[in-house]
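Worksheet for the structure shown next.
Predicted model, so just to flag it, every value in this text is computed and none were measured. Computed over heavy atoms, backbone and side chain alike; hydrogens, waters and symmetry mates excluded. A note on names: the letters A, B, ... follow the listed sequences, proteins ahead of strands, and every chain is numbered from 1.
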2 protein chains.
Amino acid sequence: MTIYDIAKEAEVSGSTVSRVMNGKAGVNRETREKVQALLDKYHFFANETARGLVNQSPRMMGILIADIRNTHYSDGAYLIAQECARYGYCSLIFNTGDDDASKVEYLRILSARRVDGIAMIGSTYQCDAVRDAVSLYFPDKPVAIANGYLDMPHAYGVLADEESGIFSCVKLLQEKGKRRIVYVTGTDTPSNRNKLAGYEKGMRLLYGMEPEVWQAGGAGYQEGYGTTRRILTESKGVDAVIYAVDLLAAGGIRAVLDSGLRIPTDIALVGVDNSRYAYVTTPKLTSLDTKLSDLSLTCARVLVNAVSHEDGAKRMVVFSSIVERETT
Amino acid sequence: MTIYDIAKEAEVSGSTVSRVMNGKAGVNRETREKVQALLDKYHFFANETARGLVNQSPRMMGILIADIRNTHYSDGAYLIAQECARYGYCSLIFNTGDDDASKVEYLRILSARRVDGIAMIGSTYQCDAVRDAVSLYFPDKPVAIANGYLDMPHAYGVLADEESGIFSCVKLLQEKGKRRIVYVTGTDTPSNRNKLAGYEKGMRLLYGMEPEVWQAGGAGYQEGYGTTRRILTESKGVDAVIYAVDLLAAGGIRAVLDSGLRIPTDIALVGVDNSRYAYVTTPKLTSLDTKLSDLSLTCARVLVNAVSHEDGAKRMVVFSSIVERETT
DNA sequence: TTGTAGGCGTTATCAG
DNA sequence: CTGATAACGCCTACAA
């Protein structure tokens with residue numbers, strides 16, 4: 001069914017139906033009611049594909065995310081999609097993984113769909129491959145990144161102050177009387193490099209010690225468990241561990257427990273993200289809340305504004321805070 | 001840029017460019033190469049909105065999900081989106097929540113976009129409101145439900161055998177020597193009613209006892225914690241608890257621990273879904289794996305098949321299995 | 001207030 | 001093998 005079927009039955013032209021559907025003025029009261037009655041009768045709604053074509057805008061945003069199964073990211077995707085929906089935009093969500101080739105490929109697909117704007121969630125999108133693909137496929141459409149930044153005229157970045165956030169974690173542990181803090185890294189992303197920098201700075205400035213960094217070789221529970229067991233046996237005098245993400249820390253908690261040590265007396269643990277894992281573990285995990293929710297929401301607003309040509313700050317930061325629970 | 005810009009520069013017609021882009025036969029080798037060179041030069045890809053219009057198919061699926069932040073669902077959404085992507089379909093993912101009005105509204109939006117098919121994740125979509133909306137907005141497009149079923153000619157359901165799954169949980173606990181099992185429900189969905197039925201059947205058939213059901217009034221950690229504390233103080237002789245979902249059980253674990261009881265000696269706990277929460281808790285949670293991954297994957301395949309008019313079974317079930325960990 | 005005509009960017013049909 | 005031409009369904013000048 002099309003507007004013309006409605007038009008025929010209402011004995012008016014297609015333009016009139018279109019006008020009624022879009023609530024435009026200049027339609028006779030009776031005509032409008034007659035048309036509206038038919039619209040209601042058939043539950044007819046205009047074909048958005050056709051509207052997208054003529055309006056040169058599909059009213060659709062693209063959301064790029066490494067993996068929606070990761071709660072940390074799905075929270076962001078949820079908020080951005082909800083916020084965009086409030087303004088009448090649908091969201092095309094793509095799981096790109098971390099490899100450059102597929103990030104670029106999905107940007108291409110989004111450009112073929114001529115989406116109105118793009119949101120990318122995670123610092124993994126702050127890289128040259130994405131930068132190049134954006135300037136190639138989206139030379140002038142707005143692009144917003146949650147926890148990342150690209151220096152382009154139409155790109156907006158909302159960042160977490162991870163470096164100073166982790167620095168405060170080191171400080172907290174120092175105040176708790178901890179003497180030797182070790183750091184466990186996750187995957188290699190700009191975000192994780194910032195966290196690492198915060199830790200290193202903390203060790204040098206606060207402790208005057210050389211940092212001790214362990215590569216987990218992943219960001220899951222198992223990696224956290226395995227790495228922590230290694231730390232416990234191979235490294236002497238460790239009484240605190242900071243993990244790049246909560247799930248690593250969750251594995252760490254179990255490793256410490258299995259070693260018969262007490263938390264936080266013998267060893268204190270800190271995670272990052274303040275995710276749902278943080279309160280499910282026993283003991284509950286102290287975690288740095290990097291405020292991804294605020295980040296995502298801001299990101300969505302910036303994006304929607306940019307799409308409607310209202311300018312805003314190109315780069316902003318959201319401050320993180322430590323949520324203390326039972327592991328410190 | 002459009003195909004005509006390419007056509008002009010290549011000194012051919014738009015049709016020829018279209019033919020080259022779609023890899024159709026019947027184009028002179030040299031012409032094809034000339035056009036392809038330009039396509040590459042400008043990184044040009046056809047406007048999918050226009051293609052969608054003329055092809056009467058946007059090559060897009062709609063995915064309805066209550067809340068993508070729930071890992072249980074996001075796993076499903078991920079798998080379905082990936083599988084559809086393999087066949088060239090984008091996915092429009094909507095978080096509908098549990099209320100009927102917004103489920104209907106999102107179905108309307110999807111119908112306005114004329115999506116090729118719909119996947120719904122969760123038994124919450126097995127209800128009259130959705131049934132009516134589907135027959136109204138999608139009288140002939142394929143609809144697949146992961147863990148639900150609607151009796152319509154173009155609807156496909158992939159179900160979990162939750163009832164017998166929970167029944168086996170009761171059996172397992174009986175074999176472990178437990179004498180009094182209590183059940184904690186979650187929200188009111190067809191799926192949760194099936195689980196409850198399995199528990200009730202188990203108690204009557206296996207124990208010859210009346211079931212004892214506690215309403216958690218939610219499906220989160222806090223509700224699990226609170227309800228379990230109440231059970232522990234108000235109900236006598238309970239030595240096993242089955243929870244409708246893992247997160248409730250996670251709260252339950254902590255409640256039992258806080259009461260100074262031992263798991264599983266004094267009290268055994270079982271969750272459902274075998275989610276990531278199940279192995280993050282201490283002790284790790286025994287959980288009924290309802291195979292949502294298999295369910296979703298099957299769902300996606302069924303959907304893609306149906307879209308390409310290849311018929312398949314209308315209703316199938318995936319069998320669940322218990323993953324034993326440390327709480328039984 | 002209403003209708004006609006043209007165009008949005010493709011694809012498909014049909015001549016040549 | 002190639003090019004007009006007419007859809008696809010809608011919106012918007014412009015004209016009446």
SB check [X] [Y] (cutoff 4.0 Å):
{"X": "A/Glu9", "Y": "A/Lys41", "value": "yes"}
{"X": "A/Arg59", "Y": "A/Asp116", "value": "no"}
{"X": "A/Arg114", "Y": "B/Glu48", "value": "no"}
{"X": "B/Glu30", "Y": "B/Lys34", "value": "no"}

Could you go over nucleotides 3-5 of chain C and give all protein N or O partners under 3.5 Å, atom names and distances?
from, atom 1, to, atom 2, distance (Å)
C/dG3, OP2, A/Ser13, N, 2.8
C/dG3, OP2, A/Ser13, OG, 3.2
C/dG3, OP2, A/Thr16, OG1, 2.9
C/dG3, N7, A/Arg19, NH2, 2.8
C/dG3, O6, A/Arg19, NH1, 3.3
C/dT4, O4, A/Ser15, OG, 2.8

With A/Tyr156 via ring pair (Phe, Tyr, Trp, His ring centres under 6.0 Å) - residues at least two apart: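 Scan of A/Tyr156 (ring pair (Phe, Tyr, Trp, His ring centres under 6.0 Å), adjacent residues dropped) gives none.
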Which residues share a ring pair (Phe, Tyr, Trp, His ring centres under 6.0 Å) with B/Tyr78, sequence neighbours left out: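 Ring pair (Phe, Tyr, Trp, His ring centres under 6.0 Å) check on B/Tyr78 returns nothing, list empty.
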Near-strand residues of residues 26-40 of chain B, defined as heavy-atom separation under 4.0 angstrom from DNA chain C: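 The stretch gives none, as no residue of it lies under 4.0 Å from the strand.
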Specify the separation, in whole Å, of atom [atom1] of [X] and atom [atom2] of [N].
{"X": "B/Met1", "N": "C/dC8", "atom1": "CE", "atom2": "C1'", "result": "17 Å"}
{"X": "A/Ile6", "N": "C/dT2", "atom1": "CD1", "atom2": "C1'", "result": "18 Å"}
{"X": "B/Leu53", "N": "C/dT11", "atom1": "CG", "atom2": "P", "result": "11 Å"}
{"X": "B/Asn55", "N": "C/dG9", "atom1": "CG", "atom2": "P", "result": "16 Å"}

Span of DNA chain D, from the first to the last nucleotide whose atoms fall under 4.0 Å of chain B heavy atoms: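 Going 5' to 3' along DNA chain D, contacts run D/dC1 to D/dG9.
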Between [atom1] on residue [X] and [atom2] on residue [Y], distance to nearest 0.5 Å:
{"X": "B/Cys299", "Y": "B/Asp294", "atom1": "SG", "atom2": "CG", "answer": "12.0 Å"}
{"X": "A/Thr124", "Y": "A/Asp67", "atom1": "OG1", "atom2": "CG", "answer": "11.5 Å"}
{"X": "A/Asn192", "Y": "A/Ser123", "atom1": "CG", "atom2": "OG", "answer": "6.5 Å"}

Toward the 5' end of DNA chain D, by each residue's nearest nucleotide, B/Ala25 or A/Ala50: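 Its nearest nucleotide being more 5', the pick is B/Ala25.
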Which heavy-atom pair separates [X] from [Y] by the least distance, and what is that distance?
{"X": "A/Tyr125", "Y": "A/Ile145", "result": "O-CD1, 4.2 Å"}
{"X": "B/Glu162", "Y": "B/Asn194", "result": "OE1-ND2, 3.6 Å"}
{"X": "B/Pro58", "Y": "A/Thr49", "result": "CB-OG1, 4.5 Å"}

C/dG9 phosphate, OP1 or OP2, under 4.0 Å from A/Gln56 side-chain N/O: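 Indeed, a polar side-chain atom of A/Gln56 lies that close.
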Side-chain N,O (B/Lys24) to OP1/OP2 (C/dA12) below 4.0 Å: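 Answer yes for this pair, as a side-chain N or O of B/Lys24 is under 4.0 Å from OP1 or OP2.
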Criterion salt bridge (Lys or Arg N to Asp or Glu O under 4.0 Å) on A/Lys8 and A/Asp5, from CA distance to verdict: CA-CA 5 Å; A/Lys8 187 180 289 176; A/Asp5 298 312; 5.5 Å; no
Bend angle of the helix from C/dT1-D/dA16 to C/dG16-D/dC1, end axes from five pairs each (to 10°):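 Axis angle across the helix from C/dT1-D/dA16 to C/dG16-D/dC1, nearest 10°: 50°.
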